[in-house]
Amino acid sequence: MQRHPHRSLKAGICFLVPLAILLMGNPLRGAPAEDRFAERLFKNGISLIRAGNQEHALQTFDELSRGFPNSPLADDALYRSGTLFYPASGLRSLHRAGRDSIARAIPYFQRIQEEYTYSDTAPLALYKMALLALESRNPGRSLDEAFARFSRLLALYPDSPVTDRALLGTAHVQSRMGECGQAMNHLDRLLERFPESAASTGALALSASCQADLEQWVPAMESLQELIDAQGNSLEGSQARRFLTLIYRTRFLPSLGRQVPLVRDTAFETETSKAGMRSCRGLAVGGNGRVYAGDPRQSFLWSFQEGGQPIGKSARPGGIRWVGLRGGEGILTGNRGAVHRKTGVHALDRKGTPLLGIESVAISEDGTIFVLDSREEKIFLFDGNLAYQDELLPPGEGRPVKIRNGPRRHLFLLTEAPSGLFRREADGGWREIPLEVEMTETRPIDFAVDGVGNLYLLSRRGGPVLVFHPGGKLLVRLEMPSDPDRPRLIPGSLAVGPEGTIYLCGRKSDRIVRFR
Amino acid sequence: MNRLAAGCLLASAFASAGTAAQEIAEEEDLLDRVRDMRIVLNMGAVAFEELDFARSVRDLSRILDPYSSGRLEPRSSEEIEVLARALEFRGRAFFNLGRTDRTDQDFARLIRLDVRYRLDRERISPKVIARWDAVRAGIVGILTVHVEPIGAELFVDDQVAELGPHLEKDLLAGSHRIRISKEGFAPFETNVEVIADEVVRVTAALERNARDVRFFTIPSGVEVVVDGISLGVTSGMAAPEFQEMAARIGIDRARISAPFLVPNLSPGPHKVHFAKDCFAASTARIEVVLDREGDAVQDFRPVVLEPSQADLAIRTTAGGSIRMDGKEMGEAPRQMTQLCAGPRWIEVRLENGLRWFDRIDLQAGTSREVTADPRLTLVYLGIYSRQRDGAVRVAAKGGLAADLRETGGFNLILPSEASSYRSEQTAAFIQSRVAETLSRADPEIWNRAGPIGAPVLKRAREELGADLLLLGTRSSGGAGEEMNLFLYETGLPAPDRITLTGKGEGKQIKAFLTQLAGTRDLFTTWFGATTAGVSTQEGLVVLRVTEGGPAAAAGIRPGDEISAVDDRPIGTHREWIQRLRDARPGDSLRLRVEREGKSLDLSVRLARTPRLLPGNRPDLLYTKMIAEFRLRARTAAASAEKNLLRLNLALAYLRFGEFEKAIEDGFRQAQLARGAGISFGTVQYYLGVSYRNLGNQSRAREALRRAAAESDATLETHDGPLVSLRAARLLKETP
């Protein structure tokens, strides 16, 4: 509700003007009668929203904001209208809005910014504008713009109801820009000023992630433990515990001169063998620890509990060649020419030309689907609705074989002949990772990236799994076990769990092997 | 005024009289009517004097006819007087017109209207007087009443007649009701038939129905309350005539009060309460018996009140002068004996300029000891609510006021106990200013920002010595009804606001009071290492070991896994933290530690670590913390404690964005040594943050640089986050 500094003056003037003018549709601004009418309209709009009649609610709010622009509820009506199109209330609800909704929401929030700068919805609208600048489906998305809006919000409205979220937003953008040190300052402020706000959970998680990025492993682990203590066994708590375990195993222990422990988990293996798999190609592990495996022989996708207990299988008509995880929206699978979705099998095409050599798929946090086509030797970008967006040319001389997403939105690419591992930087350029072990020695066929950027390379023909530090330093060399009672393990697919647990399976596997 | 006008006036007067609806309008009509009637009466009288009797009759009939037709009843003495005069003139006019029958009718009406009415026998014709006497003799008789004892009240037809032993009164012939009453006597009532032109006599002897009683007390000066009504205080000394009574009860007559006479007490049981300060009150049940023969005074046995006293010892650590109920009582510490029991206002003016005061209920026969150490002074102003008409009301008694009194722990000033104020004017000023502010402001604003301004706080501080000011606001009506408590530290314009929701309001107030009365512990148990629970380990892994801490002393190292505590599994990290919180400094814990495949048993003796005030917790009363830390810093003996209090004081100021105060009153005064944990680096970090907020970048840089160099300094506790990392990050952003 906006506040008029000269309301009393307006009211006084309006008192002198005959009521008839009001009734003739020439409302005087700020008049009590006008306010009452605007209030009625506003309440009407709210009732319509509650009744699920958004279209009429929108009309009502539009009527209010157009007909009574000086009513104390005009800005609220604009805010409500914008929110109908763009309900996101924080970073966690990003990337759900469609392009049209985004386009229709923006003018409402912009108008509040321009015409109701001192209203109480102004900071809320500015917050929405900042979120919109982060939306993957917003053609005008821009990290710089998001940062500018969050910063403006903090400067103009330091004590608004969204100050905590704006601090988190600023830190989020800074971390994405690779400025974790500055992000930490905002997070410290947030945690000091709003220790019990809803944003503090996100702040602790981002804080841990940033500290990990800054290689401050112990503070990162302490932040994660604080988050776990606050969140218990909730989704956030469980994710924090997994990330904490990953840092402990792959950073903390090595920092003390200890080995990264990787022990074959036979109980898990036995559990997965009960499912009835007959082949395995394409492995993925979700943030919740669930394991997904493609079974091309039976055209199934198998899913397993964290402990290996089978959850079930689902048919993937047309065969299954790759498995990709889609943050928060489940699993995406496909074969060389199509993608399986709930609605059926969908061909991917680039401006009318179908893709027929899909080899690997990676899905980023914002929902962008990266598709590696080995025929075209290109990476194509699709949005969440499988609409073609863009394409990337792989670097180097080798043939691209696998792509994976890593932390901080990095895209990784594995090539062969010659073998090479590349990381796509924020500026769009590719950088080859100088691995401590020669690639010609291992000629990897699959790879994975964990939450702190460690690289897991699966060697050809039963060779070892090599775990590298993001900079290329070898952390672990995991040789394939030779158990006389079991068939020799010759894995063809590799995945890494959120705790740094390694999952392997081969083309003829009836089980999944795990090292933890 | 011409006749026509007068007629119209009269007609309108009568017409309006007949139709008047409302009481006020009727009263106004009546005044107008009497005024108009007088005008017409004068016209009739003038016509009579001019010997124009017919005109006189016509004019006067205008007044009288509405009454004779029953349309009007006389309602005032003035109205009766005018009517009586009109009747007299018209009767006499009729007489002069030879219509004596009408004369008799008007005279009879006149006598019935006012039986005391008399004609002027000197000015009026004897023939008319004779006519008048004849009419009067036909309708008036005489009543005489003789009453014993004297002083009774006499009522005839419920009208007060006269007070006296004899009454002679003209009455219209017919039946009349006689009532006679006198306090202490049974009332007399009878009906008499008055006969025209005759004398009727009534004799009444009233019978006693109550008795005078007398009380005696030992000592005198005792308040006597009979059946809940205070009748006065006994006084003096019993006269020699009561020597025998004194001898009978074995008490010296000089100790017995003079008789306290209570007249006309009804027969039967009565409850009599005797009370005197410093004596135990006594209640007696008495039976009053009538003495129909002699009407003698009934005396009761003297009531003896035992002294009610208590002892009070006042201890202080800082000395000071004691005042009780405003009187000087000497220097503290002091043992005072034989004080009057009951509520006493005790004030100790301590040597360090601070005050301690309280209302103490001294129970008779007990010995009480109070420690009058310096404590905060809280002024409670009450709960303010704005009515629909915009008026602001304040409820300052009962409820929260009683809770505050019961909770104790601070010097409490309540508006309902005016004596507790140094200046009642100040109290009135503060309350009126608050009410005025609330009546002006939008309720949303005072519910959000609080209703007190700096001048009010200043006066509360300077004139009442208040450290804290508490008031509540309650929004009236509607679904959004809520109550807000505002707690001010009198040196700070921003309050702590506690919003109470209807549900669980009692619990919330209890939690508030607990915090208000409590003292924040500056220390907590110190383990000396941080730990975490990872999925792949059963126990908790040690992340960081604080140099010089208990864990380090026990030989614990980073990377160790603590699997058991005192032979029990360690459990979750939360359980472990809770266990440490529950433990006390000095307690020992036996830890089973796994280190690189080996199990070790280590014993850790827990120590204590400073616990800094967190930056912003909705459940903490930061204003109270400021007042408390300042007071404690002023009186603390040890410099280490003082430094820690100054640091916490500054942190409480940061909560309100009071960076300058935080620096000057807190951080600059907190002289902490270099080293691990809460130390010099901690202070420097906060100093840097404060300077940054004040825009003093160069000083901020200096402080942050110093903080960044303190690699083992921490925040929160000795095991808290490292200062150096934060300081270094902030330094990068400080131009």
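Every chain is numbered from 1, with letters handed out A, B, ... down the list of sequences. Only a predicted model underlies this, so the values are computations on that prediction, with no experimental measurement involved.
- The local environment of CD in E538(B) is sparse, with at most 12 non-hydrogen atoms from other residues, nucleotides or ligands closer than 6.0 Å.
- Considering only heavy-atom pairs separated by less than 4.5 Å from chain A, the leading option among G533(B), G615(B), P558(B) is G533(B).
- By the 4.5 Å heavy-atom criterion applied to side chains, T536(B) and P261(A) are not counted as neighbours.
- Atom CE of M184(A) sits about 8.5 Å away from atom CG of L725(B), to the nearest 0.5 Å.
- Between chain B and the residues R193(A), R258(A), Q211(A), the most heavy-atom pairs under 4.5 angstrom are made by R258(A).
- Chain B is approached within less than 4.5 Å, heavy atom to heavy atom, by Q225(A), D229(A), R241(A), L244(A), T245(A), Y248(A), R249(A) from residues 223-250 of chain A, ordered by number.
- Open room surrounds CD on E547(B); 12 or fewer heavy atoms of other groups in view lie less than 6.0 Å from it.
- Heavy atoms of V689(B) lying under 4.5 Å from chain A are absent altogether.
- Comparing D188(A), L214(A), L253(A) by how many heavy-atom pairs each has under 4.5 Å with chain B, the most go to D188(A).
- For P219(A), the part lying under 4.5 angstrom from a heavy atom of chain B is the side chain only.
- If you tally non-hydrogen atom pairs under 4.5 Å between each of R557(B), R617(B), E596(B) and chain A, the highest count goes to E596(B).
- By the neighbour-count criterion of 12 heavy atoms within 6.0 Å, atom CD of Q697(B) is densely surrounded, having more than that number from other residues, nucleotides or ligands.
- In this structure, the separation between CZ on R189(A) and CG on N693(B) is 7.5 Å, given to the nearest 0.5 Å.
- The part of P618(B) that comes within reach of chain A is its side chain, from C-beta onward, which places non-hydrogen atoms under 4.5 angstrom from that chain.
- Here the CG atom belonging to L543(B) is positioned 4.5 Å from the CE atom belonging to M221(A), to the nearest 0.5 angstrom.
- Atom CD of E222(A) sits about 7.0 Å away from atom CG of L722(B), to the nearest 0.5 Å.
- Contacts between E196(A) and chain B at a heavy-atom distance below 4.5 Å involve the side chain alone, from C-beta outward.
- A salt bridge is absent between E192(A) and R655(B); no separation between the charged side-chain nitrogens and carboxylate oxygens falls under 4.0 Å.
- In this structure, CZ in R692(B) is found 6.5 Å from CG in N185(A), a value given to the nearest 0.5 Å.
- For chain A, the nearby part of T531(B) is the backbone; its heavy atoms alone come within less than 4.5 Å.
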